[in-house]
Amino acid sequence: LAYGPGGLGILTVSGIEEYAEARRRLLPLARDFALLPADIKEKYQDPESTFQFGWSHGVEILQNGKADTFKGSYYANPKIDVPSTNP
């Protein structure tokens, strides 16, 4: 397993011809999304899933009890998520 207590935290992707191009197009969009106003990003939060899907920022609590505001995450699960153009 890549993740978990004994995992290395490394994930590889192979056998997907379009992957490199999709990654090249997607990564710059991460910055664009992060720079959106907070009220727009809030529309993409999913508290019901305990932030396992969608936008997450400042909801993870560090060991010192403070919220982690140094990073934002956008979680997706390609096995269940259905791509959409809806906001």
**Q** Which pair of non-hydrogen atoms, one from Phe53 and one from Asp46, has the smallest distance, and what is that distance?
**A** O-CB, 3.5 Å
**Q** Enumerate the residue pairs fulfilling side chain to side chain donor-acceptor pair (under 3.5 Å) with a member in residues 23-40, sequence neighbours excluded, ordered by first and then second residue.
**A** Glu21-Arg24
**Q** For residues Gly58 and Ala67, report the shortest heavy-atom separation together with the two atoms involved.
**A** O-CB, 3.3 Å
**Q** Minimum heavy-atom separation for Val59 and Ser56, please, with both atom names.
**A** CG2-OG, 3.1 Å
**Q** Is the backbone of Thr69 close enough, under 3.5 Å, to the side chain of His57 for a donor and an acceptor to pair up by distance?
**A** yes
**Q** Rounded to the nearest 0.5 Å, how far apart are OH of Tyr74 and CD of Gln45?
**A** 10.5 Å
**Q** More than 12 heavy atoms of other residues, nucleotides or ligands under 6.0 Å from NZ of Lys71: is that the case?
**A** yes
**Q** Kindly assign one of parallel, tilted or perpendicular to the pair Phe33 and Tyr44, based on the angle between their ring planes and the thresholds 30° and 60°.
**A** perpendicular
**Q** Answer whether the closest heavy-atom distance between the side chains of Ile16 and Glu18 falls below 4.5 Å.
**A** yes
**Q** Which other residues belong to the hydrophobic cluster containing Ile61, where Ile, Leu, Val, Met, Phe, Trp and Tyr are joined when side-chain heavy atoms lie under 4.5 Å apart, directly or via other members?
**A** none
**Q** So, taking the atom named NZ in Lys41 and the one named CH2 in Trp55, what distance separates them when rounded to the nearest 0.5 Å?
**A** 5.0 Å
